[in-house]
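The basis for the numbers below is simple: all heavy atoms, side chains too, and nothing from hydrogens, waters or symmetry mates. When a ligand or atom number is given, it counts from 1 through the structure's own listing order.
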Amino acid sequence: MKTLISGGTVVNASGPFAADVLVDGETIAALTTPGSSESLSWRDGADRTIDASGHYVIPGAVDGHTHMEMPFGGTHSVDTFETGTRAAAFGGTTTIIDFAIQAKGKSLREGLDAWHAKAEGKCAIDYGFHVIVAEVTDSSLKEMDLVVDEGVTSFKLFMAYPGVFYSTDGEILRAMQQAASNAATIMMHAENGIAIDVLVAQALARGEGDPRFHGLTRPSLLEGEATHRAIQLARVAGAPLYIVHLSAAEALEEVVSARDRGQSVFAETCPQYLFLSDADLAREGFEGAKFVCSPPLRSETTHADLWRGLRTDDLSVVSTDHCPFCFKEQKELGLGDFSKIPNGIPGVEHRLDLIFQGVDQGEISLERWVEVTSTTPARLFGLFPRKGLIAPGSDADLVLYDPKAAQTFSAATHHMNVDYSAYEGMGVTGKATTVISRGTVIVENDQYVGHAGWGRFLRRGQNGLLR
Ligand code: URP
Ligand code: ZN
Ligand code: ZN
């Protein structure tokens, strides 16, 4: 099957240019000059031509941080791999990397097997896994090497959530040393969970149970402190470090210093930290529960710091941290006690559109939009140049993006399996109109035309951005 995508503006991380894209089977065969004899002869031989005029043609977006069917606080995030990857596809994301979790007392292998079982035969788009190491022991450290050999080349550790996922500094150092020896990347949830738990207990004892106290008991200073500590531990171990869901200016300052001295430290932020704030967490009644995630939403003034970080490449990636819990019955578990509200915000469908508003508003360039949502996550997580690039030989994961299309986000129309939208009523400009996964159209005319099980597991290589 040969498809010609003609008349669009191709946007790679290197910049935009006019080109026709020829897809042969699952890969990109060629880029040709529109109207050239080469282009016309491809057109004659194509089985299908897609008119991309007025559209950007961008590499399918790579979301390096999602949680489908994730157990948390006695419940599960509500998107399955089937519903979540379909929603991702609607938004122009053609690859996700989800987190397989090592359960306490179990091996990494068992965690990974469990997540393979959830995802296999279900996904609309390609997928990979990171592994959350819940217990750093001699055997889990050894297992990290085996897991890397299977194409799972990144491990998340937590400085937060004592008693659940939390690791001590010593455990973190050991895992980092292992990563230094097997070329894996350590991903860090950097919040000082021990101190936070003290603040949480004190707030609850004072009767402060509303959602806004979730934010007030997780101050940005404690994210900055943990980020500093994680960076120093990685420096001692000689391991690369990736800070997940960075939300605070204090944490960003630590990343800036580390990168300035040449350390292999990378950080992602998420749309919720660029568009939402602690004012949402403080909404009337229990409404703020919809915005409970960790680290928490920060003050509106932080938005400018994070956009600057994206411009200067101190923040390398925007991922969603998609972790949807319904308002009814799930978020409501924390009525009167914010510490029982399941942590997480839905967003896998809206990342490209939200970050595109940054292009429209002059915060970042068009190519930077592609770089932070697609190319850099592909590079960092060992998927480049197969993903994150429009070039001959790359997977034909392509999005036709209409920069002028208007849409309004709403739970009534989104495709995520969750009963609210964190962006309800927000109007944006820009929309993925045709989404192609490995040469096959999976979304067109606002319809999903793919199928569950199309997406394949991706064995990933090493971090391609080590310094
Ligand atoms: O609140 C969040 N971020 N939930 C998902 C789990 C995590 O820590 O990434
Ligand atoms: Zn986290
Ligand atoms: Zn997460």
Under a 4.0 Å N-O cut-off, is there an ion pair linking R368 with E363? no

Charged N to carboxylate O under 4.0 angstrom, E82 versus K118? no

To check your reading of the model: name the closest protein heavy atom to [atom], its residue, and the distance in Å.
{"atom": "atom 7 (C) of ligand 1", "value": "K156 NZ, 3.4 Å"}
{"atom": "atom 4 (N) of ligand 1", "value": "N343 O, 3.1 Å"}
{"atom": "atom 6 (C) of ligand 1", "value": "H67 NE2, 3.7 Å"}
{"atom": "atom 1 (O) of ligand 1", "value": "S294 N, 2.8 Å"}

With K331 as the cation and F286 as the aromatic partner, state whether NZ or CZ is under 6.0 Å from the six-membered ring centre and within 45° of the axis. no

Identify whether NZ of Lys or CZ of Arg in K290 sits under 6.0 Å from the centre of the six-membered ring of F327 and within 45° of that ring's axis. yes

Which ligand 1 atoms does [X] reach within 4.0 Å, using its non-hydrogen atoms?
{"X": "H245", "result": "7 (C), 8 (O), 9 (O)"}
{"X": "D321", "result": "2 (C), 3 (N), 5 (C), 9 (O)"}
{"X": "H189", "result": "8 (O)"}
{"X": "C293", "result": "1 (O)"}
{"X": "H65", "result": "9 (O)"}

Within a strict 4.5 Å, meaning less than it, do heavy atoms of the T80 and N417 side chains meet?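 T80 does not reach N417 side chain to side chain.
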
Is there a side-chain contact between S167 and M159 (heavy atoms, below 4.5 Å)? no

Under 6.0 Å between the ring centres of Y401 and Y56?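 Between Y401 and Y56, the centre distance exceeds or equals 6.0 Å.
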
Could you check, using the six-membered ring where one of them is a Trp, whether F72 and Y161 have ring centers closer than 6.0 angstrom? yes

Supply the atom-to-atom distance S154 OG to M187 CE, rounded to the nearest 0.5 angstrom.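 If we round to the nearest 0.5 Å, S154:OG and M187:CE are 5.5 Å apart.
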
Of all N/O/S atoms in D321, which lies nearest to the Zn ion (ligand 3)? OD1

Restricting to N/O/S, name the atom of H189 that gets closest to the Zn ion (ligand 2). ND1

Would you say the Zn ion (ligand 2) has A160 as a near neighbour, meaning an N/O/S atom of that residue under 2.8 Å away? no

With a cut-off of 2.8 Å, does H65 put an N/O/S atom close enough to the Zn ion (ligand 3)?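 Yes, since at least one N, O or S atom of H65 sits under 2.8 Å from the Zn ion (ligand 3).
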
N, O or S from H67 under 2.8 Å to the Zn ion (ligand 3): yes

So, does R351 use its side chain to make a donor-acceptor pair with the main chain of V318 at under 3.5 Å? yes

Once you restrict to heavy atoms under 4.0 Å, what part of C323 touches ligand 1? Side chain, backbone, both or neither.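 The answer is the side chain of C323.
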
Which bit of F158 is near ligand 1, meaning a heavy atom under 4.0 Å away: side chain, backbone, both or neither?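 The part of F158 near ligand 1 is the side chain, not the backbone.
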
